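The figures here come from the full heavy-atom set of this structure, side chains too, leaving out hydrogens, waters and symmetry mates. Within every chain, numbering begins at 1; the chains are lettered A, B, ... in the order of the sequence lines, protein sequences first and strands thereafter. The structure displayed is predicted, hence computed values, not measured ones.
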There are 2 protein chains.
Amino acid sequence: MRRTVAKRRMGPPDAATPAALMDATEAVMREEGYAAVTSRRVAERAGINQQTVYYYFQTMDDLLLAAYRRRTQRVLDRVQQALSAARPLHSFWHTSSDPMDAALTMEYLALANHNDLIRLETIEFGERLRRLEVDKLAERIRQASPDPQVVSPFAVIMAITYVAHLLGFEATLGLRGGHRETRVLVEWCLRQIEPAGARAKTMPERTSQIQG
Amino acid sequence: MRRTVAKRRMGPPDAATPAALMDATEAVMREEGYAAVTSRRVAERAGINQQTVYYYFQTMDDLLLAAYRRRTQRVLDRVQQALSAARPLHSFWHTSSDPMDAALTMEYLALANHNDLIRLETIEFGERLRRLEVDKLAERIRQASPDPQVVSPFAVIMAITYVAHLLGFEATLGLRGGHRETRVLVEWCLRQIEPAGARAKTMPERTSQIQG
DNA sequence: GTCTATACACCGATAGAC
DNA sequence: GTCTATCGGTGTATAGAC
């Protein structure tokens with residue numbers, strides 16, 4: 001892609017059209033893949049003409065990055081909300097294993113492999129997300145762990161996240177075998193850590209912030 | 001993509017050039033993504049000119065599918081070999097969590113969402129692979145399970161596979177936090193099912209080989 | 001079997017009118 | 001703020017010479 005140095009006229013990023021363009025970007029990406037996210041197709045979706053895209057975004061990469069940032073922020077908000085529920089671990093699991101937009105996640109994951117902007121943004125997002133999860137869930141997991149050296153909060157959270165995500169990917173593709181069994185297993189594990197009527201044992205509110 | 005009805009001259013699929021074209025297809029996809037797999041770029045990689053690609057493959061879709069089929073067959077062979085080792089579950093884990101070609105897997109996963117040929121092939125491959133894994137590992141997992149209704153062989157195999165794959169994806173992208181801890185957890189689980197010096201309880205040697 | 005020449009479509013991006 | 005016009009580049013695919 002061409003590196004432009006922006007001598008062009010530009011519109012305000014808070015208008016209605018930029019948002020419509022980001023919506024269109026997501027729609028095209030979900031339905032036709034990242035390769036189909038072109039100025040022409042996105043514009044058509046948003047009901048404006050191709051050249052007007054460049055009034056709001058310097059390059060297609062800028063539009064892509066803006067749409068991606070909007071999305072990661074929404075995921076962060078969603079997870080944060082889940083982690084504030086009565087049973088945060090169960091709530092987190094249900095949120096993560098909801099296959100909403102799994103197709104979009106796959107596209108961005110593949111895209112991150114060869115688009116530097118998206119890759120850096122993905123790394124930063126991933127680290128922020130995991131920090132948030134560990135902050136909220138570590139203490140409870142540690143209390144329920146038979147051996148925190150082996151069954152560590154970090155590992156439990158990652159395993160849950162991974163299983164949730166790949167269940168979503170497979171379901172989107174049309175693979176459903178074994179999903180019920182896998183959910184039964186995960187939910188059994190969750191109940192060991194976070195029983196139905198229980199509350200976490202009293203602990204100082206500030207959990208350890210240490211992390212690589 | 002255009003649907004062609006093949007009135008063109010075509011070369012033999014067992015020659016050296018088709019294999020070189022499939023190699024080139026994988027290389028381009030790994031390094032630049034599925035969108036970059038064009039006749040021009042693949043040909044350049046393989047050291048031939050653009051138009052010669054069409055002497056061996058009717059369309060770019062045909063080349064893509066051929067490369068994908070070759071790859072899934074190799075994965076099947078690799079997994080089958082791992083499952084024949086002394087500690088099949090551990091061996092399976094090590095093979096699956098080796099991030100070789102995780103980038104390629106991500107590309108095909110995203111591609112499967114909007115390319116019908118790749119999606120159908122992926123579903124068939126996924127089902128075959130899982131059948132193979134369950135056939136080889138179910139009995140041993142069932143023996144070690146505290147409650148096969150909850151900790152079912154199917155679920156254990158899927159959880160292991162999912163964690164292995166996403167560890168590979170993250171490592172490829174540059175996310176490494178928590179991976180060590182996650183491996184410790186998984187390997188602890190594996191030891192519960194398949195202890196170091198142990199053999200599976202006596203069972204008829206011929207496990208069910210039923211497979212599509 | 002591999003080459004040159006060529007068709008036609010689509011893409012990113014710019015210039016400038018209204 | 002959105003339009004028309006337009007450039008240079010790249011894509012799939014075909015025809016036919018060597």
Would you call the rings of F169(A) and H165(A) parallel, tilted or perpendicular, taking 30° and 60° as the class edges?
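Taking H165(A) first and then F169(A), their aromatic rings stand perpendicular (interplane angle over 60°).
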
Where does the angle between the aromatic ring planes of F125(A) and Y68(A) fall among parallel (under 30°), tilted (30 to 60°) and perpendicular (over 60°)?
perpendicular

Backbone of E26(A) reached by a side-chain donor or acceptor of D23(A) within 3.5 Å:
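Not confirmed, D23(A) side chain does not pair with E26(A) backbone.
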
Among [options], the nucleotide that comes nearest once only the side chain of [X] is considered:
X: Y56(B); options: dA13(D), dT2(C), dC11(C); answer: dT2(C)
X: T52(A); options: dC3(D), dT14(C), dT12(D); answer: dC3(D)
X: I48(A); options: dG11(D), dC3(D), dG1(D); answer: dC3(D)
X: Q51(B); options: dG12(C), dT4(C), dT2(C); answer: dT4(C)
X: Y54(B); options: dT2(C), dG11(D), dT14(D); answer: dT14(D)
X: Q50(B); options: dG1(D), dG12(C), dT12(D); answer: dT12(D)

Can you tell me the distance, in whole Å, between the [atom1] atom of [X] and the [atom2] atom of [N]?
X: Y34(B); N: dG11(D); atom1: OH; atom2: C1'; value: 16 Å
X: M60(A); N: dC11(C); atom1: CE; atom2: P; value: 10 Å
X: E32(B); N: dG11(D); atom1: CD; atom2: C1'; value: 14 Å
X: E44(A); N: dG12(C); atom1: CD; atom2: P; value: 13 Å
X: M10(B); N: dT14(D); atom1: CE; atom2: P; value: 11 Å

So, is [X] near the phosphate of [N], with a side-chain N or O under 4.0 Å from OP1 or OP2?
X: Y55(A); N: dT14(C); value: no
X: R40(A); N: dC10(C); value: no
X: T59(B); N: dA13(D); value: no
X: N49(B); N: dT2(C); value: no
X: S39(A); N: dC11(C); value: no

Distance flag, aromatic centroids of F154(A) and H179(B), threshold under 6.0 Å:
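No.
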
When we call it a touch if two heavy atoms are under 4.0 Å apart, what does P18(B) touch: a base, just sugar-phosphate, or nothing?
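Touches nothing.
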
Is F57(B) touching bases, backbone alone, or none of the nucleic acid, heavy atoms closer than 4.0 Å?
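Here F57(B) touches no strand at all.
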
Please evaluate the base of dT10(D) for a donor-acceptor partner in the side chain of R41(B) within a cut-off of under 3.5 Å?
no

Can D77(A) and R74(A) be counted as an ion pair, charged N to O under 4.0 angstrom?
no

